[in-house]
Amino acid sequence: DEWCRHFIGIGKEYYFDVKNELNTIYINYIIKDKNDNPIGVCGVGIYIDTVNQIIDNYEQRYNIDCKIVSDDGIYEFSRDSKLINQPVEDEIMRFIKAADTNQLLIYNENSNIIRNIDDFGWYLVMDISQSKLNGYDKLVLRNVIACLIVLTFVLVIFHLVVDKVYEHSRRIEASEEEQRNIVKSLSGIYYSMYLFDFKKGTCTEISSNNLIHKMYKENQSIDIQANIHTVIRKTIRAEHLNSMLEFTDLSTLPNRMKGKKILSQEFIGRLFGWSRASFIVVSEDSQGYADKVLYVTQVIEDDKKREEQLIKMSKTDELTRVYNRRAYEEDIQELQTNNKMKDLVVISIDVNGLKRANDTLGHAAGDEMIKSAAYCMVLAFSSYGKVYRTGGDEFMTLLHCTEDELQSVLTSFDKSISQWSGEKVKSLAIAKGVVVCNQYPKLSMQEIEKIADQLMYKDKSDYYKNSGIDRRKR
């Protein structure tokens, strides 16, 4: 405001201002930060009629005249309760400049008395030349001092009010400084941060990536919603664009956030990969709708990688590093739900001779056989599907391939098994049962698994029968 700029330009910490039309005195005070830099101005208005009545009583009783003098004018409390602003007489100003203002009362030969009002830079001047009492009678002085005390008391009240406002402003400043520090720390976490004020219809950029900042500034001439969607179209990958445009629809946001403190959406951005956008409620109106929200975006690419790694670990067999039973059951459920069994091939596989190797060569030999069988499966089948360890020496394989491709991968697998030789075990043998789902279109997945197991056990039985090995020592 004009008065604010005028007051700061004066360079005083306090300023006494009179508004004749309002019959009001204003005490203006500069609020400063801890480094003594101006950060704002406080104005306290005092209705002066009551003070006038007290002062008029003394002026009329003793025929004296009271003035408050500043560096640039006289502010007189007149007998008709009007406030008059006029230039200070040279004589009085010389008197003031020459006076020792550290004294309680100072007077000169022209019957002027001055009282310095500390801190405000004001002087209270009393003209007693027309007083009903001659000379400087003690009674007059007592009453003059009484008048001074009244005025000083009023000014002290002003001072106390201003001090209270100043103290409150300091607390506000400290609170705002704390909030700024919080926001500053948050800006280190998020790569963009904006404050939406729905009441004012404003968007304030708190922090952002340089490229996002540039895009936002380029489009500030259009409305806030259009600006946001323009930035999103430039920075979000196509597969997540529609969901993010819907998420950032400000017209529906208050309803979507009612009863919530935060609303989040994950997306893949063109700049940083996986990211998360969130609306955080800052304040609500009387009906519980958000009227101020913080919009933040955060890169979560590393979090996503860790999350994927944890998920992968939870679905991976520790010994063989192929998928485990949990992964197998989830994939089976997905295949059935999404009807992806058309070209599916299910293979049930079991390692032959594992018990015999454990009993005669130790469990390290058995582990070698299990890991080697898994390796041969991955080598042959991974281009067409997944390998799962579902039990001790039991494996399942789910492939998507044609019958010709199936014959090729089975041949490759059998060759790998026949050529294998380990450190503890010299050869490896497996039993397998293969089911092409197209040949059993009316069967459920559980029924197909059962057929694959039956074929595997028949293959195992044939292996032991042809090799002459006692199956009980297999």
Side-chain angles (χ1 to χ4, degrees), residues 175-311 334 337-338:
S175 175
E176 290 179 346
E177 180 68 22
E178 183 179 357
Q179 292 176 13
R180 284 193 293 270
N181 289 335
I182 292 172
V183 170
K184 184 178 179 181
S185 65
L186 288 175
S187 65
I189 300 173
Y190 301 107
Y191 72 77
S192 67
M193 185 181 298
Y194 296 85
L195 179 66
F196 293 101
D197 189 324
F198 295 124
K199 285 185 177 179
K200 297 180 179 179
T202 59
C203 173
T204 304
E205 183 183 56
I206 299 173
S207 67
S208 69
N209 167 271
N210 288 335
L211 184 57
I212 300 293
H213 170 76
K214 184 178 179 181
M215 292 180 186
Y216 177 77
K217 290 296 183 182
E218 285 175 350
N219 298 294
Q220 275 195 311
S221 59
I222 60 179
D223 65 77
I224 295 171
Q225 181 69 84
N227 193 353
I228 295 169
H229 282 180
T230 299
V231 173
I232 285 175
R233 287 189 177 92
K234 292 180 180 179
T235 57
I236 307 298
R237 280 174 48 171
E239 61 266 34
H240 290 156
L241 180 57
N242 288 336
S243 62
M244 277 302 294
L245 290 174
E246 183 179 346
F247 177 73
T248 54
D249 186 349
L250 299 181
S251 65
T252 63
L253 185 61
N255 285 329
R256 285 186 285 136
M257 293 207 72
K258 189 171 185 181
K260 300 176 182 177
K261 293 300 181 185
I262 187 169
L263 198 63
S264 298
Q265 174 97 356
E266 293 183 357
F267 62 92
I268 300 178
R270 296 177 181 176
L271 301 176
F272 308 109
W274 275 105
S275 302
R276 180 184 296 116
S278 300
F279 286 106
I280 304 169
V281 174
V282 176
S283 64
E284 299 175 342
D285 62 18
S286 58
Q287 296 179 329
Y289 291 99
D291 54 22
K292 281 186 182 179
V293 296
L294 203 61
Y295 175 71
V296 297
T297 53
Q298 182 181 16
V299 178
I300 58 170
E301 183 72 13
D302 291 341
D303 293 343
K304 276 292 183 180
K305 288 179 179 178
R306 285 191 291 270
E307 180 182 325
E308 290 171 0
Q309 183 64 25
L310 289 172
I311 292 173
E334 182 183 356
T337 302
N338 298 318

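Because the structure is predicted, anything quoted here is derived from the model rather than measured. Side-chain atoms are counted along with the backbone in the values below, which use heavy atoms only and exclude waters and symmetry mates.
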Check step by step if side chain to side chain contact (heavy atoms under 4.5 Å, CB included) holds for L241 and R233. CA-CA 7 Å; L241 180 57; R233 287 189 177 92; 4.1 Å; yes
Carefully, step by step, assess N255 and Y289 under the rule side chain to side chain contact (heavy atoms under 4.5 Å, CB included). CA-CA 7 Å; N255 285 329; Y289 291 99; 3.2 Å; yes
Checking side chain to side chain contact (heavy atoms under 4.5 Å, CB included) for the pair S278/I262: CA distance, chi angles, key distance, verdict? CA-CA 7 Å; S278 300; I262 187 169; 4.1 Å; yes
Yes or no on side chain to side chain contact (heavy atoms under 4.5 Å, CB included) for D197 and T204, after CA distance, side-chain angles and deciding distance? CA-CA 8 Å; D197 189 324; T204 304; over 6 Å; no
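Smallest separation of non-hydrogen atoms from E239 and I268: OE2-CD1, 4.3 Å. Scanning all heavy atoms of the two residues, the minimum distance from A290 to V281 falls at CB-CG2, 4.1 Å. When every heavy atom of I236 is checked against every heavy atom of M244, the shortest pair comes out as CG2-CG, 4.2 Å. Considering every non-hydrogen atom in both M193 and V296, the closest pair reads CG-CG1, 3.7 Å. What you find for W274 and E301 is that their closest heavy atoms are N-OE1, 2.6 Å. Counting all heavy atoms, side chain and backbone alike, A277 lies closest to T297 at CB-CG2, 4.0 Å.
Residues T235 and R270 form no side-chain contact, since every pair of their non-hydrogen atoms from C-beta on lies 4.5 Å or further apart. Between T248 and Y295 there is a side-chain heavy-atom pair separated by less than 4.5 Å. Side-chain atoms of V282 and V293, non-hydrogen and from C-beta on, never get closer than 4.5 Å to each other. For the pair L253 and F196, the minimum side-chain heavy-atom distance is 4.5 Å or more.
In terms of the salt bridge (charged side-chain N to carboxylate O under 4.0 Å, His left out) criterion, D249 has no residue partners (sequence neighbours excluded).
Side-chain N or O atoms of R237 include none that pairs as donor or acceptor with a backbone N or O of F267 at under 3.5 Å. Using a distance-only test at 3.5 Å, with no hydrogens or angles considered, a donor-acceptor pair links the side chain of H229 to the main chain of L245.
Rounding to the nearest 0.5 angstrom, the gap separating the CZ atom in R276 from the CD atom in E266 is 4.5 Å. Within the model, atoms NE2 of H240 and CD1 of I232 stand 13.5 Å from one another, a figure rounded to the nearest 0.5 Å. Taken to the nearest 0.5 Å, the CD atom of Q265 stands 8.0 Å off from the CD atom of E246. Note: Q225 CD to T230 OG1 = 9.5 Å, rounded to the nearest 0.5 Å. Rounded to the nearest 0.5 Å, atoms NZ (K258) and CG (D285) are 8.5 Å apart. Atom CZ of F198 is separated from atom OG of S251 by 9.5 Å, given to the nearest 0.5 angstrom.
Of the N and O atoms on the side chains of S283 and D291, at least one donor lies less than 3.5 Å from an acceptor on the other residue.
Within 6.0 Å of NZ in K292 there are 12 or fewer heavy atoms belonging to other residues, nucleotides or ligands.
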